[in-house]
A.B. asks: 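Dropping a structure here in structure tokens format, bear with me for questions.
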Amino acid sequence: MEFKTYSSPHLPVSDSVSAMMQRVLLALSPGIAYICCIFGWGSLINILLASLSALVAEAAVLKLRQRPATTLLDGSALVTAVLLALALPPLVPWWIPVIGSLFAIVIAKQLYGGLGYNPFNPAMAGYVVLLISFPLELSLWPVPGAGLSLSDTLVHVFGAGLPADQTLDTLTMATPMDDIKMRLGLSQTLSEMQDSPLFGSFAGAQWEWINLWFMIGGLWLLQMRVIQWQIPAGMLGGLAFIAFVFYAINPDIYTSPLFQLFSGAAMLGAFFIATDPVSACTTPRGRLYYGLGIGLLTYLIRTWGGYPEGIAFAVLLMNMAAPTIDHYTRPRVFGHTN
Amino acid sequence: MVDSATSFRRPATLTFGHLETFHGGLKLAGHRELTAAKPILPAGVPPLLTLPLQQHIGTAAECLVQPGDAVYKGQLIARQVGRISAALHASSSGTVIAVEERPVPHPSGLHAPCIVIETDGLDQFHDTVPVALEYTRLQAGELCDHIRGAGIVGLGGAGFPTHVKLGCNTDGIELLLINAVECEPYIACDNRLMQERAAEVIEGVRILQHAVRPQNCIIAIEDGMPEAEAALRTVLAADNETGITVTRVPEIYPSGGERQLIRILTGREVPSQGFPADIGIICQNVGTAAAVYNAVIRRQPLLSRIVTVTGEGVLRPQNFETLIGTPVSHLIDCAGGYTQDVERLLIGGPMMGYAVTDDQIPVTKTMNCILAVTRTEMPPPPPAQPCIRCGKCTEVCPADLLPQQLYWYAHSSNLDAAQDYSLFDCIECGCCAYVCPSHIPLVQYYRHAKTEIWAREKRTMASDLARQRHEARLSRLDRIKQEREARMARKKQALAGNNVSSEIKKATIQAALERVKRKKQQAATTPKNVDNLTAEQQQLIAAADRRRQQKNKDNRTE
């Protein structure tokens, strides 16, 4: 009889890309749930809009490139869309997530060759395009707890205006990080701000909890071995280190390492964005340096840059450095002397 | 890389008891319960034995028999050629019916020269009664010769001739390491061997100790074989003078790989292009030790081995004592035949073994496992997807390679870069491909790249040779041409010289003519002292004249 032949190893496969992506989405869900509790339905609508446009865009490009549709179902486009949506403020017009998603999938991912070939993190590329093109829309974060109802949010998102008793000014406010930067610019000191409601238990009000939930999801990903420790450890370590140095020099104008770690998108960035394997470094040591670079750059951009959050730029800058870092961080091969 | 063997860091002394680890590896389900608790059964004498001339690393053996020859069991039928080679013996008695190319166990269904024996069912040895060697009285070299004569090769899978390992640099061997770590799932032949023949194994190890004279001797056994370990310890407990230690190593694939095992036990790394002996270690498989026992005590060459026949694709999985050359199909019959839903037939374990298309191939010295599996047990691999650079392969690689970079380079046929990333340090253990979420057949890419590089080197060597020949021919033609030109030039010069100095020529001719004239005048001059001669003197002169004339005539005719 004729037997079938395949290449070794013959044991059944142990994992798949789609299973990994599903775990990433699952790990994001506590953070997403918490954001929705605080800021209302906006983020969920962003996620849906971004995901839908990402899938449509991916399907269209795959058809144009005459590639099998299997990669559509691997979940990678979905993860990109969700990460992009989470970076956006909850009350943005509908076309913001749609444009961002289209750019991320069509330009940043597929035009470079699709999954596995994109040199830049697609979600961050999409986000940066939006941030540069529509800075106003991307700065409007809602006042925590002052969320609109689902129907009011939908009406607003699709451009039919806000309820009569609400204005965008009453609904939105600067994020703690933004606010602190503005006040520091007005020569206030951090000790003067200490009692203001923008501080929570150990970092920015509410944002500390959002970060905590993303951190918990990220630790679970580590536990499940979907991601490895080097990039999160490098990024958080780098961010904490440089924050500590400046905090030690002058705690009145530089926020504490703890504040830095639990503000903005720090945890989302460390566990979910910087760990995008396609555009990151691949050697174990290289990943540590890569994370470290993102941490340091994030602090620099946050503290002295023109934008409130620096993670997207830091990630894209380190994406460019990744191949070089990989080249210089090859591990010593077994039985070789160096 | 040439100097890596010598420059490699080598700790001054070996310390034992503390186990090191190697990078990566996998925890795999054992699946050994299918056969590990059942006794080894004899597979019997099949009607036909097919013995490939090459069952080992090195040069193929040279056939010593012809079709029609009767052979007895244990008769040398093919001899070792060169140092790295192994002898081959008839594994049962019968008649040689063919010496020709037959299918042999190989991933590509290769045909290779084989000696085919039709067995007579008597399984008869030669008449002389063998006497066990008193090995303790033998020199290491003599012992090694006996082992060589028995055609023993490493039975763990690689098939490196045992006598070569024993013969190299045996002074200064610090550690004789007996590898009883059967780390691939499903395989249980060494496990059963130790359970059933612990005394033979230990005696075999002692013979090896005598041949190598190492400072230390360790039998490394895997965590998951308590029965085998207990059997070894029982034998060793009866005699505490052996100097043999049994050490348990964790059940992490591929801890049974020679390099990985040495790393676990000693913390040392075998240099990339080197051998364990370079760092003072000799490693032998536990089955090889038992074969050495057979060769020295029973005086039997390597005629059989234990083969695990397992998987859900056979009805009665079992370990079989199998004559070398037995068809795989015969062993399958011994195991009750195939199940209805058998789909794949593997030679070796599920991680490093290879799939074959049919079972009409013989058991060789290195075949430790025949694995027949069903579709549910090992479904066909899903289609490969693009690499997402997740790095899981890097995490599990026991050779500390970057499998993903190797894949990109192998995929794009960038062979130089693949070599630069140490492609040839890949042991093809399959860990990377097993964890790959994109289901890329990584090992296949590496094998392909290695084959390409070998082919390229062969081509380079051939073209180098051709170029050297071509250059030699050109230089030879050039030399001939130059010599001819030089000759012509000399001739020309001589001719040109004649034209210019005709005076000298005339003078030379003149001188020659005068020389001839003088000679003739001399010859014509009559001697002055021939007056008043006696008759006797006249006669003598006449005789001398005759002789001279005769001589002149002779000179002319010559």
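Scope of the values below: all heavy atoms of this structure, side chains included, with no hydrogens, waters or symmetry mates. In what follows, chains are A, B, ... by sequence order, proteins preceding strands, each numbered from 1.
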A.B. asks: Tell me, side chain or backbone of B/Arg259 under 4.5 Å from chain A's heavy atoms, or both, or neither?
C.D. replies: both
A.B. asks: Answer with side chain, backbone, both or neither: which region of B/Gln444 has an atom nearer than 4.5 Å to a non-hydrogen atom of chain A?
C.D. replies: both
A.B. asks: Tell me, out of B/Gly391, B/Pro441, B/Pro381, who's got the most heavy-atom pairs with chain A below 4.5 Å.
C.D. replies: B/Pro381
A.B. asks: Do you know the tightest heavy-atom contact between B/Gly353 and A/Ser8?
C.D. replies: O-CB, 3.3 Å
A.B. asks: Whether the B/Gln405 and A/Thr282 side chains hold a donor-acceptor pair (N or O, under 3.5 Å, no angle test) is what I'd like checked.
C.D. replies: yes
A.B. asks: Name the option with the most non-hydrogen atom pairs under 4.5 Å to chain A; the candidates are B/Met352, B/Glu428, B/His23, B/Lys392.
C.D. replies: B/Lys392
A.B. asks: Against chain A, label B/Leu28 side chain, backbone, both or neither, depending on which of its atoms sit under 4.5 Å from a heavy atom there.
C.D. replies: side chain
A.B. asks: Look at the side chain of A/Ser14 and the backbone N and O of B/Tyr434, then say whether any donor-acceptor pair between them is shorter than 3.5 Å.
C.D. replies: yes
A.B. asks: Using 0.5 Å steps for rounding, measure from the CG atom of B/Asp425 to the NE2 atom of A/His336.
C.D. replies: 3.5 Å
A.B. asks: Just one of B/Ser438, B/Pro386, B/Cys390 clears the side chain to side chain contact (heavy atoms under 4.5 Å, CB included) bar with A/Val17, so which one?
C.D. replies: B/Ser438
A.B. asks: Once you round to the nearest 0.5 Å, how far does CG of A/Leu11 lie from CD of B/Glu377?
C.D. replies: 9.5 Å
A.B. asks: Sort B/Gln385 into side chain, backbone, both or neither according to what part of it lies under 4.5 angstrom from a heavy atom of chain A.
C.D. replies: side chain
A.B. asks: Is a donor on one side and an acceptor on the other found under 3.5 Å between the side chain of B/His439 and the backbone of A/Asp15?
C.D. replies: yes
A.B. asks: Between B/Leu345 and chain A, which part of the residue has a heavy atom less than 4.5 Å away: side chain, backbone, both or neither?
C.D. replies: both
A.B. asks: Please find the pair of heavy atoms, one from A/Phe334 and one from B/Asp400, that lie closest to each other, and give the distance.
C.D. replies: CB-OD1, 3.6 Å
A.B. asks: Quick check on A/Arg225 against chain B: is it the side chain, the backbone, both or neither that has a heavy atom closer than 4.5 Å?
C.D. replies: both
A.B. asks: Considering only heavy atoms, which portion of B/Cys436 lies under 4.5 Å from any heavy atom of chain A: side chain, backbone, both, or neither?
C.D. replies: backbone
A.B. asks: Tell me whether the count of non-hydrogen atoms from other residues, nucleotides or ligands lying under 6.0 Å of NE2 in B/His448 goes above 12.
C.D. replies: no
A.B. asks: Does the pair A/Asp326/B/Arg389 count as a salt bridge with the N-to-O cut at 4.0 Å?
C.D. replies: no
A.B. asks: Work out which heavy atom in A/Pro9 is nearest to a heavy atom in B/Val443; give both atom names and the distance.
C.D. replies: CD-CG2, 4.2 Å
A.B. asks: Return the OG to OH distance between A/Ser7 and B/Tyr446, rounded to the nearest 0.5 Å.
C.D. replies: 11.0 Å
A.B. asks: Using 0.5 Å steps for rounding, measure from the CG atom of B/Leu401 to the CZ atom of A/Arg330.
C.D. replies: 10.0 Å
A.B. asks: Answer yes or no: are there more than 12 heavy-atom neighbours, outside B/Phe424 itself, under 6.0 Å from its atom CZ?
C.D. replies: yes
A.B. asks: Considering only heavy atoms, which portion of B/Val373 lies under 4.5 Å from any heavy atom of chain A: side chain, backbone, both, or neither?
C.D. replies: neither
A.B. asks: Please look at B/Tyr421 and chain A and tell me whether the side chain, the backbone, both or neither of the residue comes under 4.5 angstrom of a heavy atom of that chain.
C.D. replies: both
A.B. asks: Measure distances from A/Pro284 to the heavy atoms of chain B and classify the residue's part below 4.5 Å as side chain, backbone, both or neither.
C.D. replies: side chain
A.B. asks: Once rounded to the nearest 0.5 Å, what's the spacing between atom OG1 of B/Thr394 and atom CD of A/Gln228?
C.D. replies: 8.0 Å
A.B. asks: Of the non-hydrogen atoms in B/Pro380 and A/Tyr6, which two are nearest, and what is the gap between them?
C.D. replies: CB-OH, 3.2 Å
A.B. asks: Go through the steps for A/Phe3 and B/Leu346 under the test side chain to side chain contact (heavy atoms under 4.5 Å, CB included), then give the verdict.
C.D. replies: CA-CA 9 Å; A/Phe3 294 99; B/Leu346 307 178; over 6 Å; no
A.B. asks: Is B/Ile388 in contact with chain A via its backbone, its side chain, both, or neither, using a 4.5 Å heavy-atom distance?
C.D. replies: both
